[in-house]
Amino acid sequence: MAATIGSDPHRAAALLTAGKLVALPTETVYGLGANALDPKAVSEIFRVKNRPRFDPLIIHQYTAERLFRHVTEVPVEARLLAEACWPGPLTLVLPKAEHIPDMVTAGLSTVATRVPAHPLCREVLALLDFPVAAPSANPFGFVSPVTARHVADQLGEELEYILDGGSATVGLESTIVGFPAGVPTVFRKGGWPVEQIAEIIGAELEVKTHGSSQPQAPGMLSSHYSPGIPLRLLAHEEKYEPGKDRAVICFGPDFPVELPFYNLSHSGDLKEAARNLFTYLRAIATAGYAEVGIRLVPERGLGRAINDRLRRAAAGGQE
Ligand code: TXA
Ligand code: MG
């Protein structure tokens with residue numbers, strides 16, 4: 001079976017209702033969706049992605065009101081964030097309601113929730129009376145897809161339908177915030193800058209985003225974004241001459257835009273850099289370079305999440 005790539009939200013909704021998997025566009029990355037209340041459908045997600053069962057999923061719905069039916073408690077900071085950031089690239093981890101299958105949350109007492117902003121995805125969600133569990137639509141350990149073609153290349157044989165919503169406009173996964181022991185905590189840096197989240201809740205957040213030793217975010221293994229080639233972080237002033245078999249990932253007007261310079265944004269725009277990042281990592285993975293140097297982007301706003309993914313890519317294959 002090879003997936004059909006199309007743009008019919010009704011077909012996507014009908015397949016999801018029938019217990020099938022559908023790849024869906026979101027503003028962050030493409031998701032591999034299933035009815036979150038149907039354990040058989042959810043178990044298909046884990047099989048198709050080859051994802052370990054200990055790595056919990058995010059549930060998506062059309063509005064915060066619909067989503068909050070599946071949690072038992074919404075702290076005041078979560079309510080502020082939902083109002084300010086949804087629909088958008090933020091995921092809130094909240095205490096789960098009994099009826100959410102354990103398979104979705106990997107047995108945790110909390111569930112990750114998000115209202116996505118992509119208009120075509122929202123059309124699908126509006127048609128459904130259940131939440132959609134959706135991890136990024138890539139095999140476990142690979143870079144997240146930001147186009148329907150990326151999904152088809154890796155998972156096309158396993159899917160009946162890929163809903164094509166064009167290139168993801170954010171290009172990085174959502175920022176994940178939870179409230180362990182009542183403390184606002186960032187579990188993953190992503191498409192909503194942490195500085196802005198702090199401003200919205202009027203407090204600094206704890207940041208607990210790394211390592212496999214952390215059961216709340218087991219998906220954040222350091223090798224999680226490895227494209228399978230030797231990537232090396234360059235020291236700030238380190239000289240590095242790219243050539244035929246050496247490329248460099250860089251950012252800003254000081255660097256050319258022609259290959260082997262993978263300039264994330266020549267104009268120095270972090271949003272543009274976020275949109276380009278995963279497409280560049282995919283291109284690099286198949287280009288056959290012997291080595292690729294990485295110059296990090298400025299560590300502010302979206303730059304924090306971009307650097308997080310670049311560091312993980314450089315640490316690739318070690319876990
Ligand atoms: O932007 C996104 O978030 C995309 C789109 C499709 O919505 N989804 C996505 O899902 O990136 P995934 O499965 O690739 O990453 C979900 C992350 C994992 O790192 C997982 O460990 C974490 O969310 N997570 C899920 N449930 C959690 C929970 N209850 N507590 C803490 N982290 C959780
Ligand atoms: Mg993922």
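Remember, it's 1-based here, ligands and their atoms both numbered in the order they're listed. For the numbers below, each heavy atom of this structure counts, side chains included, while hydrogens, waters and symmetry mates do not.
In this structure, Trp86 CH2 and Thr63 OG1 are separated by 9.5 Å, a value rounded to the nearest 0.5 Å.
In the vicinity of His60, heavy-atom distances shorter than 4.0 Å reach the ligand 1 atoms 5 (C), 7 (O). Here is the list of ligand 1 atoms found below 4.0 Å of a heavy atom in Thr28: 1 (O), 2 (C), 4 (C), 5 (C). Ligand 1 places these atoms under 4.0 Å from at least one heavy atom of Glu173: 1 (O), 11 (O). In summary, the atoms of ligand 1 found under 4.0 Å from a heavy atom of Asp55, numbered by their order in the structure, are 18 (C), 20 (C), 21 (O). Of all the atoms in ligand 1, the ones that sit under 4.0 Å from a non-hydrogen atom of Ile176 are 17 (C), 22 (C), 23 (O). Shown in contact with Ile58 at under 4.0 Å from a heavy atom are these atoms of ligand 1, numbered in order with element: 3 (O), 8 (N), 9 (C), 10 (O), 16 (C). Interface of Ala134 with ligand 1, defined as ligand atoms under 4.0 Å from a residue heavy atom, comprises 6 (C), 8 (N), 10 (O). Heavy-atom proximity to Ala112, at under 4.0 Å, picks out these atoms of ligand 1: 25 (C), 26 (N), 27 (C).
A heavy-atom separation below 4.0 Å is not found between Gly178 and ligand 1. At a 4.0 Å cut-off, not a single heavy atom of Lys96 sits close enough to ligand 1 to count as contact.
Taking a cutoff of 4.0 Å between a charged side-chain nitrogen and a carboxylate oxygen, Glu238 and Arg295 do not qualify as a salt bridge. Look at Glu272 and Arg275 and you find no salt bridge, because none of the NZ, NE, NH1 or NH2 atoms lies under 4.0 Å from a carboxylate O. Checked for salt-bridge contact, Arg114 and Glu27 meet the test: a charged N lies under 4.0 Å from a carboxylate O. Taking a cutoff of 4.0 Å between a charged side-chain nitrogen and a carboxylate oxygen, Glu173 and Arg188 do not qualify as a salt bridge. Taking the charged nitrogens against the carboxylate oxygens, Arg304 and Asp308 have no contact shorter than 4.0 Å, which rules out a salt bridge. Note on Glu291 versus Arg232: salt bridge recorded, some NZ/NE/NH1/NH2 to OD/OE distance being below 4.0 Å.
Residue Glu299 qualifies as enclosed at atom CD: its count of foreign heavy atoms under 6.0 Å is above 12.
Distances from atom 29 (N) of ligand 1 to the heavy atoms of Thr110, Thr26, Leu92 put Thr110 nearest.
Ligand 1 has a nitrogen or oxygen under 3.5 angstrom from a nitrogen or oxygen of Ser136.
With sequence neighbours left out, Glu204 forms a salt bridge (charged side-chain N to carboxylate O under 4.0 Å, His left out) with no residue at all. Residues passing the salt bridge (charged side-chain N to carboxylate O under 4.0 Å, His left out) test with Asp245, sequence neighbours excluded: none.
Considering all non-hydrogen atoms of both residues, Gly33 and Val132 come closest at CA-CG1, 3.7 Å.
By the criterion of a heavy-atom distance under 4.0 Å, the backbone of Leu57, and not its side chain, is placed next to ligand 1. The side chain of Val93, and not its backbone, has at least one atom closer than 4.0 Å to an atom of ligand 1 (non-hydrogen atoms only; side chain from C-beta on). Heavy atoms of Ser174 found under 4.0 angstrom from ligand 1 belong to the backbone as well as the side chain. Heavy atoms of Thr105 found under 4.0 angstrom from ligand 1: none, in either backbone or side chain.
In summary, Ser136 places an N/O/S atom under 2.8 Å from the Mg ion (ligand 2), meeting the contact criterion.
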